[in-house]
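If you read the sequence from its start, that first residue is 1, and numbering goes on from there.
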Amino acid sequence: MNTYTISGNAFTGDDFEFENVEIVVENGIIKEICPKNKKSDRWIFPAFFNAHTHVADTVAMDTKVDRPLAELVSPPDGIKHKILNSTSDDVLARAISETLLFMKNTGTLGFADFREGGVNGAELLKKIVPKDMTSMIFGRDGGEFVSDGLGMSNAKGRAGEEKIVEEARKAGKFFAVHAGEADTKDIDTALSLEPDLIIHATNFSKKQIHEAADKNIPIVLCPRSNWILGVTNSAEKPPVKEMLEAGCTLYLGTDNVMFVEPNMFKECAFLHTVYRVDVNQVMNMATQGFSLAGIKNTIVEGNKANLTVLECPYENHWSRYPLQSVFMRSGKIRGTYSCLE
């Protein structure tokens with residue numbers, strides 16, 4: 001039996017209540033949460049789940065954003081695809097491995113990735129994912145059948161789209177799709193396919209927001225990517241507040257490593273600062289993507305333990321709102337603890 005304890009100030013339960021506790025973990029499950037009196041500068045919170053990445057695009061890191069989005073990232077002739085197609089598997093594997101290590105070192109223990117390259121691309125990523133990270137891989141061009149599901153770049157009613165989705169569903173796979181990132185042209189078609197996950201939704205209307213909420217289709221927001229790529233210059237896009245008010249399930253992702261560092265602390269700080277989203281809601285969006293893998297990721301007895309531990313002597317002494325300090329003044333990462341270890 002693999003048993004360990006972690007003591008510190010933990011953000012527990014669905015409301016992330018700040019409590020001084022000792023957490024007992026057995027075989028990856030939170031067995032007990034016991035009150036403690038001894039002062040600690042450690043802060044413990046649920047590990048992040050980065051709900052949308054393109055980790056292979058590490059090999060195209062910081063390509064200039066000097067042309068329309070489609071010319072940068074759209075298949076099959078976007079710049080990123082040309083770079084990916086001209087890069088060997090060995091180099092891709094090294095780049096992906098380094099990015100996943102960076103993600104772990106910044107508190108992320110789970111991610112959902114759109115992976116190009118067909119069967120070979122999906123299989124390559126599956127081999128690289130560390131044993132202590134939870135992954136959801138969305139492939140295409142056949143890669144959907146050897147991974148967790150189908151990741152579609154967009155849905156514009158092209159011939160064969162419905163068939164591709166139907167075949168993935170028959171195989172018991174998830175279906176995720178980018179929609180409403182740069183404009184509104186693909187939104188209604190994407191919603192009509194009733195995906196399991198929508199990425200971006202930057203340009204959703206009130207009607208489309210409510211349709212996503214009514215159909216219980218989770219949405220992954222990638223706010224820094226939207227700004228960097230010029231598809232928004234306003235806190236009204238994506239309409240985050242309206243989505244929350246409508247009851248949408250929202251997750252947070254960093255999108256493309258080509259343009260955005262996959263650092264969820266920075267993503268959370270940006271969402272809180274620019275979109276004025278309450279920090280409890282931000283933490284929920286940044287951690288509950290684990291539910292895509294069937295995992296409830298809160299610090300509650302009986303839940304799986306995916307934990308990040310910070311050393312926060314400065315923040316612990318002065319902060320009047322510790323959860324906000326996690327994002328805005330986060331201390332040094334001491335370590336992560338995965339239910340898969």
Side-chain angles (χ1 to χ4, degrees), residues 4-13 16-25 28 30 33-34 36-51 53 55 58 61 97-111 129-134 223-224 252-254 257 260-274 277 279-290 297-299 304-341:
Y4 60 87
T5 62
I6 309 172
S7 297
N9 300 298
F11 297 92
T12 64
F16 307 111
E17 184 177 353
F18 195 58
E19 301 181 286
N20 189 358
V21 298
E22 179 179 81
I23 301 171
V24 180
V25 179
I30 299 172
I33 302 175
C34 309
K36 294 282 287 186
N37 293 320
K38 186 176 180 181
K39 181 177 172 62
S40 174
D41 291 330
R42 289 185 182 180
W43 290 5
I44 308 163
F45 65 91
F48 295 131
F49 188 99
N50 191 334
T53 61
V55 293
T58 303
M61 186 185 292
S97 295
E98 291 182 8
T99 286
L100 295 182
L101 178 60
F102 173 86
M103 289 164 64
K104 279 182 60 178
N105 288 340
T106 49
T108 293
L109 283 177
F111 68 101
V129 176
K131 292 181 179 179
D132 58 355
M133 290 190 82
T134 298
R224 284 189 299 156
L252 197 61
T254 59
V257 184
V260 184
E261 181 185 65
N263 185 326
M264 289 291 282
F265 284 108
K266 291 184 178 181
E267 201 71 40
C268 291
F270 189 90
L271 182 67
H272 174 61
T273 302
V274 175
V277 178
V279 290
N280 280 58
Q281 292 174 317
V282 172
M283 179 64 90
N284 187 70
M285 292 161 63
T287 58
Q288 297 313 305
F290 274 98
N297 191 41
T298 49
I299 301 177
K304 291 185 177 181
N306 290 294
L307 308 171
T308 296
V309 180
L310 296 174
E311 290 288 355
C312 299
Y314 169 61
E315 294 88 345
N316 197 54
H317 188 72
W318 295 107
S319 178
R320 297 193 177 192
Y321 199 170
L323 191 56
Q324 178 165 305
S325 296
V326 168
F327 304 134
M328 308 304 290
R329 305 175 184 270
S330 57
K332 182 179 180 181
I333 292 262
R334 181 179 177 88
T336 53
Y337 297 82
S338 169
C339 67
L340 302 176
E341 288 179 309

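- N50 and T254 form a side-chain donor-acceptor contact under 3.5 Å, judged by distance and modelled atom types alone.
- For K104, the side-chain hydrogen bond (donor to acceptor under 3.5 Å, both in side chains) test picks out D132, with sequence neighbours left out.
- Residues passing the ring pair (Phe, Tyr, Trp, His ring centres under 6.0 Å) test with F102, sequence neighbours excluded: none.
- Of the inter-residue distances, the one linking L310 atom CG with F45 atom CZ reads 4.5 Å to the nearest 0.5 angstrom.
- Taking 4.5 Å as the limit, some side-chain heavy atom of K39 sits within range of a side-chain heavy atom of N316.
- Shortest non-hydrogen contact noted between F290 and L109 is CZ-C, 3.8 Å.
- Salt-bridge formation is not detected for the pair E311/K332: no Lys NZ or Arg NE/NH1/NH2 atom is positioned less than 4.0 Å from an Asp or Glu carboxylate oxygen.
- Between the side chains of S325 and E315, no donor N or O sits under 3.5 Å from an acceptor N or O.
- In this structure, L252 CG and L271 CG are separated by 5.5 Å, a value rounded to the nearest 0.5 Å.
- A donor-acceptor contact shorter than 3.5 Å is absent between the side chain of T108 and the backbone of G110.
- No side-chain heavy atom of P262 sits under 4.5 Å from any side-chain heavy atom of F111.
- When atom types are taken as modelled, the side chain of N297 and the backbone of T287 share a donor-acceptor pair closer than 3.5 angstrom.
- Using modelled atom types, no side-chain atom of N9 and backbone atom of W43 make a donor-acceptor pair closer than 3.5 Å.
- Taken to the nearest 0.5 Å, the CE atom of M103 stands 11.0 Å off from the CG atom of N105.
- Rounding to the nearest 0.5 Å gives a distance of 14.0 Å between NE2 of H317 and SG of C312.
- Taken to the nearest 0.5 Å, the NE2 atom of H272 stands 11.0 Å off from the CD atom of Q281.
- Across every non-hydrogen atom of F11 and P46, the tightest pair is O-CD, 4.0 Å.
- Between Y337 and V309, the closest heavy-atom pair is CE1-CG2, 3.6 Å.
- Residues F327 and M283 are in side-chain contact: their nearest non-hydrogen atoms beyond the backbone lie under 4.5 Å apart.
- Here the closest non-hydrogen pair linking T106 and I333 is C-CD1, 4.1 Å.
- No more than 12 heavy-atom neighbours from other residues, nucleotides or ligands sit within 6.0 angstrom of OH on Y314.
- Here the side chain of T273 pairs no donor or acceptor atom with the backbone of F270 at under 3.5 angstrom.
- Residues F265 and V326 form a side-chain contact, since some pair of their non-hydrogen atoms from C-beta on lies under 4.5 Å apart.
- One distance of note links SG of C268 with CZ of R224; it measures 9.5 Å at 0.5 Å rounding.
- Of all the heavy atoms in E267 and G253, the pair that sits closest is CD-O, 3.6 Å.
- Remark: E22 engages T5, S7, V24, K36 in a side-chain contact (heavy atoms from CB on, under 4.5 Å) (not counting sequence neighbours).
- Across all their heavy atoms, L340 and M133 have their closest contact at CD1-O, 3.6 Å.
- Panel note: side chain N20, backbone S40; no donor-acceptor pair is recorded below 3.5 Å.
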